[in-house]
Number of protein chains: 2
Amino acid sequence: MVVYAGQGDPRRSIELLWRASVAEQRPGPKPGLSVDAIVDAAIEVADEQGMAFSMRAVGERLGRTAMALYTYVPGKNELVDLMYDRAMAELPASYPLDDGWRSAVTCWAHDLWEFYSRHPWMLQVSQARPVLGPHEFAVIEALAAILVSTGLPGRELRGIVGAVNYFVRGAAQTVAEARAAGNATGEGDEEWWYARSAVLLEIEPDLEHRFPMLHVLESDREPVDPELPYLENDAVENFRSGLKVLLDGIEGAVAKP
Amino acid sequence: MVVYAGQGDPRRSIELLWRASVAEQRPGPKPGLSVDAIVDAAIEVADEQGMAFSMRAVGERLGRTAMALYTYVPGKNELVDLMYDRAMAELPASYPLDDGWRSAVTCWAHDLWEFYSRHPWMLQVSQARPVLGPHEFAVIEALAAILVSTGLPGRELRGIVGAVNYFVRGAAQTVAEARAAGNATGEGDEEWWYARSAVLLEIEPDLEHRFPMLHVLESDREPVDPELPYLENDAVENFRSGLKVLLDGIEGAVAKP
DNA sequence: TTGCGACTCCTTACAGCGTAAAGTAACCTT
DNA sequence: AAGGTTACTTTACGCTGTAAGGAGTCGCAA
């Protein structure tokens, strides 16, 4: 199940995201935790266990019970929002345009790609409605800043920003989830693929005739890096050539009216 | 949480996907259900309640308990695989090339886009490892058949197929999940956005100065269809202009070596 | 005809989840 | 010192997927 963003109290969520809380002197025992500590711990747990991490697990990592977290954070959904935005702080806020926009967009995409593979759970936070946190803004701002330099109008920019974003996210999802599934079952990509394709060919012997174009699609394959596992190699290759096509398309839009 | 595909017994899964079961005469009571009936019911439930549907809900729709389903299907993961592939049977297996590949790809993308908005839960099935069902194959085969006509080599085709696929999926995710979130909270997009942007501007008054490029990105906006809600309109516009860029990129690859 | 074995479907049960509610102990203000 | 506020715990509820075992139904061989 995907976790949907922004379902709680808007004011509370946004105040947390922008850390707009005033640290006044108050009665009662000193807080032993903090929102930041909780978010950091939750990110660590999610990096290890995926998005199916539990509030109990986060609490345990901090030496508390699950319920202790609810003093700082309204619920798991809001915590995920905070994790999402905080993790994005890892990404650069701007990219130099010295080598032109094309190179800058490539860097942006590459950084985001690597970021997703460090934090695969990010890919399971719904993208529908933005979290509206400062770092999410900064990441899009960085891409927008590059693309604005092409002089394209807002209407086209929005489509391009979306396309680049979707592309990186999608491509990252492919490797990230392949890796996650591999880890979960303990079998690497090769074994997974081998076991299934063997059964598949046995049950449906004339696969190649039923889907001849898929066969064409599989042709002309050569490993980019023999160190990497099967599907991952595939994904890297597809990422490169797909991004190239995308950039060519932008270039076309820049050249023509 | 995203549902990962293909974690169970490979043979059992693939036999179910390709309906390779022999309906022999067997002892015991006549089956009151069938895999198809269960998959259909599950799709109906998922269309209504999203990917967080429960086995109990599916059983109830069929007048059975949850455990009755386990006679036909090994578990929820495998059921999701079957739902995924069966739903894809709705999509055309081929597209005419009479108006050229560009028009055909546009149709393919549009159909898939509409398909995802009919079955938003599809977007939450992991894409990492293909489900390897006949209809999933058919959908990719249809796109591949169009693109093979451009004469591009396999290496480039893979990147393009990936990019188009990711793009449609990503764009669809944006609307689908926006709609889902809206339904869940009962508030439409406008109210959602209004409530949050107001609080945001109150807490962070100089947003425009902190993220000037986002402001550029928001310029030049005009509603495509005033009937549609805010975010959805946005998504449709982005889909069109993003797809155009993508197609231009492919055209570039076709023209140049 | 009878009994066996395979089969469908049910009930019960368990461990895990997010979190509501209530209780306890710590601390500041008056 | 009293009272109010807060941090955190314990307990509990309803939900989830599914393991285990039992009840009833049917085909077939003896």
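Owing to the predicted nature of the structure, the values given are computational and were not obtained by experimental measurement. Residue numbers begin at 1 in each chain, while the letters A, B, ... track the order of the sequences.
Here the side chains of B:Met83 and B:Phe53 are in contact, with some heavy-atom distance below 4.5 Å. In this structure the side chain of B:Arg210 reaches within 4.5 angstrom of the side chain of B:Glu204, judged on heavy atoms. Between A:Leu91 and A:Trp108, the closest side-chain pair of non-hydrogen atoms is not below 4.5 Å. Taking the side chain as every heavy atom from C-beta outward, A:Arg56 and A:Met67 never approach each other to under 4.5 Å.
The distance between atom CE of A:Met67 and atom C1' of D:dT10, rounded to the nearest whole Å, is 10 Å. For A:Tyr70 and C:dG18, the OH to P distance is 6 Å, given to the nearest whole Å. Rounding to whole angstrom units, CD of residue A:Gln49 and P of C:dG16 are separated by 13 Å. Rounded to an integer number of Å, the gap from B:Lys30 NZ to C:dT8 C1' is 13 Å. Regarding B:Leu33, its CG atom lies at a distance of 10 Å from the P atom of C:dT8, rounded to whole Å. One atom, CE of B:Met55, and another, C1' of C:dC17, lie 18 Å apart when rounded to the nearest Å. Rounded to whole Å, the distance from CZ on B:Arg26 to C1' on C:dC7 is 7 Å. One atom, NZ of A:Lys76, and another, C1' of D:dC15, lie 14 Å apart when rounded to the nearest Å.
Within the nucleic acid shown, A:Ala68 comes within 4.0 Å of at least one base atom, counting heavy atoms only.
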Walk me through it: do A:Tyr166 and B:Tyr166 pass the test ring-ring contact (aromatic ring centres under 6.0 Å, His included)?
CA-CA 6 Å; A:Tyr166 297 148; B:Tyr166 297 148; over 10 Å; no

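At C:dC9, none of the side-chain N or O atoms of B:Thr65 fall inside 4.0 Å of OP1 or OP2 (strictly under the cut-off). Within the 4.0 Å cut-off from OP1 or OP2 of D:dA7, not a single side-chain nitrogen or oxygen of A:Tyr72 is found. One finds a side-chain N or O of A:Ser54 lying less than 4.0 angstrom from the OP1 or OP2 phosphate oxygen of C:dC17.
The stretch residues 56-64 of chain B comes close to DNA chain D through B:Arg56, each having a heavy atom under 4.0 Å from the strand.
There is a side-chain donor-acceptor pair under 3.5 Å between A:His119 and A:Glu90.
Of the two residues contacting DNA chain D, namely B:Pro74 and A:Gly32, the nearest-nucleotide position lying further toward the 5' end is that of A:Gly32.
Here the side chain of A:Asp81 pairs no donor or acceptor atom with the backbone of A:Val131 at under 3.5 angstrom.
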